[in-house]
Student: 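This is the structure, below, for whatever I ask next.
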Amino acid sequence: MDQPDVRLERVTKQFGDVKAVDDLSLSFDRGGFVALLGPSGCGKTTTLRMIGGFEEPTAGTVYLGEQNVTGLPPYKREVNTVFQNYALFPHMNIFDNVAFGIRQRGASKHEVAKQVPDMLELVQLSGFEKRKPTQLSGGQAQRVALARALINKPRVLLLDEPLGALDLKLRKQMQIELKRIQTEVNITFIHVTHDQEEAMTMADRIAVMNQGQIEQIGPPVELYEQPRTAFVAGFLGVSNMVTATIEDGGHVRLADGSSVAVPADLLKDAPRQVRIGVRPEKARLLPASEPAEAGANRLSGTIRDVSYIGVSTQYIIDTPSGDELVAIVQNAGRGARHLLRGESVQLFWDPENTFVITDEGQVPTVEELI
């Protein structure tokens, strides 16, 4: 098995009385695109800075490949960092900005003349060599910063909220560009962000952080479809979660007495009291007067609010047990029936779309999601 590109062993970082990172152990394989995702203050940027050498751990060890780099300054690590403000040299043109790192390492004029145009072609900025950073758009400056970092052929590229200063349309374009570039160069990218959609668009694996620890790490589809904690379920999109008691045979009983089917493997080793969840877009709504769907899980309620959002309509449903549910229904075709505020409805979903939460943690607040 290949040696991980980055490995943290029981790393803690303390600032006074505050533990920014708390006994963190994780590893990142070579050539992957990893996102450290979480709210402000969760420890993700501090973790990135410890990998880069900008902060030293209070305890624990940082490895790059087989090398213990704990205590080494940034310039002695096989790492480059792209910051949100890009930090380009304003007095240098684009060619000299990109060439800076390899010139510092003693590259010949011939090597510089070959490698810089190759890098500018990679980031689709051929022909920009003589421009100054002040003559670039935000997206172009971002690409120059990437080229300047990648020309050094680092083992790992660290990206600290690199798209945060861009407007929404440009940010989405750069998400696609960053993923393309990472695939082409096959260098490990570790990307810090608080933007859930950004992380899911680009990353092969996401590590969701909360209060200095990893809540869950895995591919985006796994974290979204099968979150293990209430925090992950709430941070990666809207979740309907209700309290349940485990019964035999892959069923749980809800507070209103109804029985709901759950994939049996999700109940293995679970406590008797759990929370079950389903994503709003996995739910189907029917008026209470229509026949129930065979084989589907069912909850009843009353529509409290309706929001038409173009491609879909969002319904908020109050249930007799006091739980609030959300259903997102695609507006598929002209003449589709829209349910009304105050209407009694049934909410159905397939058992295999149910996830199970066994921890007692809380769903993140609105402030944490921003």
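For the numbers below, each heavy atom of this structure counts, side chains included, while hydrogens, waters and symmetry mates do not.
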Student: M241, I246: one ILVMFWY side-chain cluster at the under-4.5 Å cut-off?
Tutor: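 In one cluster with M241: I246, no.
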
Student: Does I217 reach the side chain of F28, with side-chain heavy atoms less than 4.5 Å apart?
Tutor: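 Counting from C-beta outward, I217 and F28 do come under 4.5 Å.
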
Student: Any side-chain to backbone donor/acceptor pair from N331 onto S312? Under 3.5 Å, distance only.
Tutor: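 At least one qualifying donor-acceptor pair exists.
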
Student: Check for me, please, whether V156 and L150 land in the same ILVMFWY cluster - side-chain distances under 4.5 Å, paths through other members count.
Tutor: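 No, because V156 and L150 fall into different hydrophobic clusters, even though each may have its own neighbours under 4.5 Å.
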
Student: Holding to side-chain contact (heavy atoms from CB on, under 4.5 Å), I want the full list of residues that pass it with D96, two or more places apart in sequence or in another chain.
Tutor: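 Applying side-chain contact (heavy atoms from CB on, under 4.5 Å) to D96 gives M92, N93, R103.
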
Student: Under 3.5 Å, is there a donor-acceptor pair between the side chain of R7 and the main chain of E66?
Tutor: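 No, R7 side chain to E66 backbone: no donor-acceptor pair under 3.5 Å.
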
Student: With the side chain counted from C-beta on, respond yes when V252 and L267 share a heavy-atom pair under 4.5 Å apart, and no when they do not.
Tutor: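 Result yes, sub-4.5 Å side-chain heavy-atom pair found.
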
Student: May I have the list of side-chain donor-acceptor pairs in residues 112-134 shorter than 3.5 Å, sequence neighbours left out?
Tutor:
{"unit_1": "K114", "atom_1": "NZ", "unit_2": "D118", "atom_2": "OD2", "d": "2.9"}
{"unit_1": "E129", "atom_1": "OE1", "unit_2": "G127", "atom_2": "N", "d": "3.0"}

Student: Within this structure, what is the CZ-CD distance for the pair F348 and E290, rounded to the nearest 0.5 Å?
Tutor: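 Interatomic distance, F348 CZ to E290 CD, rounded to 0.5 Å: 9.0 Å.
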
Student: Please check this pair: side chain of R279 against backbone of G237, looking for a donor-acceptor N/O pair closer than 3.5 Å.
Tutor: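 A pair under 3.5 Å: yes.
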
Student: Has the side chain of S239 got a donor or acceptor atom that lies under 3.5 Å from a matching backbone atom of G277?
Tutor: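 Flag not set: sc S239 to bb G277 has no pair under 3.5 Å.
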
Student: I'd like to know if the side chain of K44 reaches the main chain of G38, judged simply by a donor and an acceptor atom lying under 3.5 Å from each other, with no hydrogens or angles considered.
Tutor: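 Yes; judged by distance alone, with no hydrogens or angles, the pair exists.
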
Student: Is it the case that over 12 heavy atoms from other parts of the model lie below 6.0 angstrom from the CZ atom of R272?
Tutor: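 Count not over threshold, so no.
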
Student: Tell me whether S25 contacts the main-chain N or O of R10 through its side chain, where contact means a donor paired with an acceptor under 3.5 Å.
Tutor: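 The answer is yes, because a donor-acceptor pair under 3.5 Å joins these two groups.
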
Student: Determine whether the side chains of S258 and R253 contain a donor N or O and an acceptor N or O closer than 3.5 Å.
Tutor: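 Their side chains do not contain a donor-acceptor pair, so the 3.5 Å distance test is not met.
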
Student: Tell me, please, which residues at least two apart from R77 pass side chain to side chain donor-acceptor pair (under 3.5 Å).
Tutor: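 Side chain to side chain donor-acceptor pair (under 3.5 Å) list for R77, sorted by chain: E56.
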
Student: Is a side-chain N or O of N97 found less than 3.5 angstrom from the main chain of F89, in a donor-acceptor match?
Tutor: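 Here the side-chain-to-backbone pair exists.
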
Student: Do N297 and P351 touch side chain to side chain, with heavy atoms closer than 4.5 Å?
Tutor: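 Of all side-chain heavy-atom pairs linking P351 with N297, at least one is under 4.5 Å.
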
Student: Taking Q314 for its side chain and V326 for its backbone only, find out whether a donor-acceptor pair lies under 3.5 Å.
Tutor: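 It does not hold such a pair.
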
Student: Which of parallel (below 30°), tilted (30 to 60°) and perpendicular (above 60°) describes F189 and F33?
Tutor: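 Answer is tilted, since the angle falls between 30° and 60°.
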
Student: Below 4.5 Å, heavy atoms only, C-beta onward: do T188 and I190 meet side chain to side chain?
Tutor: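 In short, these two side chains touch, coming nearer than 4.5 Å.
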
Student: Can you tell me if N68 uses its side chain to pair, donor with acceptor, with the backbone of T70 under 3.5 Å?
Tutor: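 A pair under 3.5 Å: yes.
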
Student: Could you check whether any side-chain heavy atom of V79 comes within less than 4.5 Å of a side-chain heavy atom of P74, counting everything from C-beta outward?
Tutor: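 Not touching, per the 4.5 Å side-chain cut-off.
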
Student: Could you tell me whether the side chain of M200 reaches within less than 4.5 Å of the side chain of L37, counting heavy atoms only?
Tutor: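 Contact flag for L37/M200 side chains = no.
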
Student: State yes or no: do I102 and F100 share one hydrophobic cluster built from I, L, V, M, F, W and Y residues joined by side-chain heavy-atom distances below 4.5 Å, directly or via other members?
Tutor: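 Different hydrophobic clusters.
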
Student: Would a distance-only check, ignoring hydrogens and angles, find a side-chain to backbone donor-acceptor pair under 3.5 Å from T58 to Q14?
Tutor: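 Checked: pair present.
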
Student: Just wondering, do L170 and Q142 contact through their side chains at under 4.5 Å, heavy atoms?
Tutor: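 Contact flag for Q142/L170 side chains = no.
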
